[in-house]
K.L.:
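Quick one: the structure is below, and I'll ask about it shortly.
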2 protein chains.
Amino acid sequence: MSIVEKPRGTRDFSPAEMHGRDYVEGMISRTLETYNYRKILIPTFEHAELFKLKSGEEIEEHMFVFKDKANRELCLRPEATASVCRMFSGELQMMQRPLKLYYSCPMFRYEEPQKGRYREFWQMGVELIGAETPESDAEVISLASECLKKLGIEFKLEINHLGILRGVLDDLDIKGEKQDKALALIDRKNFEELKKIADNGNFFELIKLTGGRDVLENASSLLNGCVAGMEASGELGQITSWLDAMEIDYIINLGIARGLAYYTGTVFEIRVSELGAQSQICGGGRYDDLIGLFSGVKTPAVGFAFGFDRVMNATELQKIEIPEKKTDIVVAPVSADVRIDAAKIASKLRDNFIVDFDLMGRKLGKILEYAGNIGARYVIIVGSEDMKNNSITVRDMGTGEQKKVKIENVEMAIKKILL
Amino acid sequence: MSIVEKPRGTRDFSPAEMHGRDYVEGMISRTLETYNYRKILIPTFEHAELFKLKSGEEIEEHMFVFKDKANRELCLRPEATASVCRMFSGELQMMQRPLKLYYSCPMFRYEEPQKGRYREFWQMGVELIGAETPESDAEVISLASECLKKLGIEFKLEINHLGILRGVLDDLDIKGEKQDKALALIDRKNFEELKKIADNGNFFELIKLTGGRDVLENASSLLNGCVAGMEASGELGQITSWLDAMEIDYIINLGIARGLAYYTGTVFEIRVSELGAQSQICGGGRYDDLIGLFSGVKTPAVGFAFGFDRVMNATELQKIEIPEKKTDIVVAPVSADVRIDAAKIASKLRDNFIVDFDLMGRKLGKILEYAGNIGARYVIIVGSEDMKNNSITVRDMGTGEQKKVKIENVEMAIKKILL
């Protein structure tokens, strides 16, 4: 036990954990890159005002805010989209559109730590900037779905279009901050409070509609001729047609509202039921007004973020197999006089293999024990008698078999078996 | 220009920059992994006291310290070694020794930003825990050298053993904090202030010795029979013998002292002359007493860290070629009726290629312009007449040549050229 503990809600990641995380991150990154999305990175801390612009109450309440020595209010990033918009308004404005971007980095929220909820947590996310066609929304949704399929994770994807809810709320004269509040309450499923703001039977029926494309038909009667709502419903119809063509499974759920205040159009969430209370592993949507706040030029955009820690939890709960990382070879000098020769052999083998070398000056028995414990595949035993004949002994740690091999053939011998 | 700027000393990284950084990080990671070092990760912020234990004045002065809502003093990590020791004292203590660990993450120091110096900067580092043989030091030094060689960077590696300096200072009765201060002054080459603490001619001659292995011989007369100093010099001799055998170039420089107070033995620095005032791209050494502070059990350790941003600068200044990331294919639907077919072709091709799909509903000419601007290799033109014959047109963006290909043969046709 250390005399100084790590801060609440933070984690250390061991080699085994990092191997798993790197594997999953790599799989998602590669999938995003086949769609020509390219990685960017934003600062770990920002001016706090950046997130006060439009990230919404939910996020603002839980920010890690602190002052620097010049008394400026800084903040550990609670999410990436506001930063990406800031970045876009600067150096990225000149790039070819649409911009296809992704990021992978930790975020910070000052919340009570609990299962699946940390103060430092990771997100991998996508932002598609400059495109407003239905196929843009469809691509981003497909992308989220595709990443999880590549990992073999089973999930449920739910879609909505905030234009439907905002349209009806507008017609009910629930606008501005009050409207954002209503959406936040729908997101938290706090219907009691919602009733105080929007006590309308049709609206309550609407936000409970969920199912296949028939939802859109059922909605139309509840929309009461709301023009904006009908238009949004039509857009959602186009987007889901694309998803059908791309064979992406989804559920339309008119009660999906998202916690962030900047969404303007499509919104979607992905859940993994095994995760219980923290089942949401992905959330996203269209935010056509956010970039304009920063750059002064209205620019359409759509994106999503994976809660990476929850994706990791999902792989565990669904027993997704992550290939083990094995040490190929441990090089074991039998006596002090061959240590340098053995080190040179290790060095040569590193061109092709993961090679450990005994740094402790241990006896052979102990090195074999070490190699067994770290799960190495082979041990190369370097003895002084053997070295006189330019040979070494290769021991297969799986079978225990040993074979004498000429040094110049070692690489070939192990390559034959391993590669 | 955005209405909110990024904080001073922080940076955004564009897709092109991130591609370069990922390439270099990947090259270093793979090199470390061939030596069986494994990645770990530590929290972005820690309790501030963690770094007050032994990181030294230089670091403590420049920490980003802030209080959380429970009034605990937290701090953005200024370096990783203290965190790794904390982590080791907890969950890693049971692992097989030696532990071979590496990390890659941003660090934070509140300093005046200038060329090559940022408030958020990246380090990639190695910690070898539990081994105290000379070959352990030699392996860690070789590893730093090997990573840079793999990248093709030219550099200068300088080594010292703090036992020599500490031994002589002990004999001069300059101990404890005063000794740490003297070492910090040597590190900063502030010889005027140093003279006030350690006004000894031999000592000043000693710390100016630099060169090959003859330095150790020249030192011995200046050591005045200092037993600890002679012993440290002997150790340095053993370590450099290993480096000679492994064909690692180095300079012994008895004036290398490092800014961190926790080093106890070997210390080394790597410099790239083109970088000017911020020429140091790597620093490391042995710290046998630090882990004991946390765990109560003395545990030898040796490590180093690359200043990753400076490594990136070095690749630029030395014109190291970083392979470009190319978009393989842009899929261009000629008319609205083939957009879904085109999207399906794009989707299929993503099994093997990086494939962009026009999301803007642009005309063919505009798509070709876009493809040219993003540097795509091929455009696949999908027209409705062609689709009736199950064919598409492949345009080589390099030569401008176009060829009609049956859909089922597209993949093979492009594979032949690209893979």
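Chain letters run A, B, ... following the sequence lines, proteins first and then strands; every chain starts at 1.
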K.L.:
For the atom pair CZ (B:R8) and NE2 (A:H47), what is the distance rounded to the nearest 0.5 Å?
P.N.:
10.0 Å

K.L.:
Looking only at non-hydrogen atoms, find the nearest pair between B:M360 and A:G130 and report the distance.
P.N.:
CE-O, 3.1 Å

K.L.:
Looking at chain B, which one of A:L101, A:L76, A:D358, A:V65 has the largest number of heavy-atom pairs inside 4.5 Å, strictly under?
P.N.:
A:L76

K.L.:
Is the centre of the A:Y35 ring less than 6.0 Å from the centre of the B:F357 ring?
P.N.:
no

K.L.:
Give the C-alpha distance, both sets of side-chain angles, the deciding distance and a yes or no for side-chain contact (heavy atoms from CB on, under 4.5 Å) between A:H19 and B:R38.
P.N.:
CA-CA 8 Å; A:H19 169 64; B:R38 302 199 54 191; 3.5 Å; yes

K.L.:
What's the separation between atom CZ in A:F45 and atom CZ in B:F66, rounded to the nearest 0.5 Å?
P.N.:
10.5 Å

K.L.:
Of all of B:N373, B:I42, B:D356, B:T10, which one pairs up most often with chain A through heavy atoms under 4.5 Å apart?
P.N.:
B:D356

K.L.:
Are there more than 12 heavy atoms of other residues, nucleotides or ligands under 6.0 Å from atom CD of A:E132?
P.N.:
no

K.L.:
If we define contacts as heavy-atom pairs under 4.5 Å, which of B:R11, B:Q96, B:R119 has the most with chain A?
P.N.:
B:Q96

K.L.:
Nearest 0.5 angstrom please: B:M246 CE to A:S347 OG, how far?
P.N.:
4.5 Å

K.L.:
Could you tell me whether B:R86 and A:D12 have a side-chain N and a carboxylate O separated by less than 4.0 Å?
P.N.:
yes

K.L.:
What distance do B:I374 atom CD1 and A:R97 atom CZ have between them, rounded to the nearest 0.5 Å?
P.N.:
15.0 Å

K.L.:
So which of A:A343, A:G361, A:A16 has the largest heavy-atom pair count under 4.5 angstrom toward chain B?
P.N.:
A:A343

K.L.:
Considering only heavy atoms, which portion of B:R350 lies under 4.5 Å from any heavy atom of chain A: side chain, backbone, both, or neither?
P.N.:
both

K.L.:
Does any heavy atom of chain B fall under 4.5 Å from the side chain of A:E135, the backbone, both, or neither of them?
P.N.:
both

K.L.:
Which bit of A:I340 is near chain B, if near means a heavy-atom gap under 4.5 Å: side chain, backbone, both or neither?
P.N.:
both

K.L.:
Side chain, backbone, both or neither: which part of B:A346 has a heavy atom under 4.5 Å from chain A?
P.N.:
neither

K.L.:
Which bit of B:D22 comes within less than 4.5 Å of chain A, counting heavy atoms only: side chain, backbone, both or neither?
P.N.:
side chain

K.L.:
Within this structure, what is the OG1-CG distance for the pair A:T327 and B:N36, rounded to the nearest 0.5 Å?
P.N.:
3.5 Å

K.L.:
Looking only at heavy atoms, which two atoms of A:Y110 and B:R72 are closest? And how far apart?
P.N.:
OH-NH2, 3.9 Å

K.L.:
Evaluate side-chain contact (heavy atoms from CB on, under 4.5 Å) for A:V4 paired with B:F51, printing each intermediate quantity in order.
P.N.:
CA-CA 10 Å; A:V4 183; B:F51 301 102; over 6 Å; no

K.L.:
I'd like to check A:F108 versus B:T44 (side-chain heavy atoms, cut-off strictly below 4.5 Å). Are they in contact?
P.N.:
yes

K.L.:
Considering non-hydrogen atoms only, spot the tightest contact between A:P15 and B:M95 and give its length.
P.N.:
CG-CE, 4.1 Å

K.L.:
I'd like to know which of B:E247, B:E17, B:R339 tops the heavy-atom pair count under 4.5 Å against chain A.
P.N.:
B:R339

K.L.:
Let me know if B:K100 has heavy atoms under 4.5 Å from chain A in its side chain, its backbone, both or neither.
P.N.:
side chain

K.L.:
Give, as side chain, backbone, both or neither, the part of B:P106 having an atom under 4.5 angstrom from any heavy atom of chain A.
P.N.:
side chain

K.L.:
So do A:F13 and B:M87 actually touch side chain to side chain, heavy atoms under 4.5 Å?
P.N.:
no

K.L.:
Between B:L128 and chain A, with a heavy-atom cut-off of 4.5 Å, which part of the residue counts as in contact: side chain, backbone, both or neither?
P.N.:
side chain

K.L.:
What residue in B:L74, B:D68, B:L92, B:T31 has the most heavy-atom pairs under 4.5 Å with chain A?
P.N.:
B:D68

K.L.:
So, A:E46 side chain and B:K6 main chain: donor-acceptor pair closer than 3.5 Å or not?
P.N.:
no

K.L.:
Are A:E33 and B:K325 close enough, and set up right, to give a salt bridge (charged side-chain N to carboxylate O under 4.0 Å, His left out), and what steps lead you there?
P.N.:
CA-CA 10 Å; A:E33 286 179 6; B:K325 180 139 202 159; 2.6 Å; yes

K.L.:
Non-hydrogen atoms of chain A under 4.5 Å away: do they reach the side chain of B:L99, the backbone, both or neither?
P.N.:
neither

K.L.:
Would A:M18 and B:Y103 count as a side-chain contact (heavy atoms from CB on, under 4.5 Å) here? Give the steps.
P.N.:
CA-CA 10 Å; A:M18 278 312 282; B:Y103 58 83; over 6 Å; no

K.L.:
Measuring from atom CG of A:L359 to atom CD of B:E139, what distance do you get when rounded to the nearest 0.5 angstrom?
P.N.:
4.5 Å

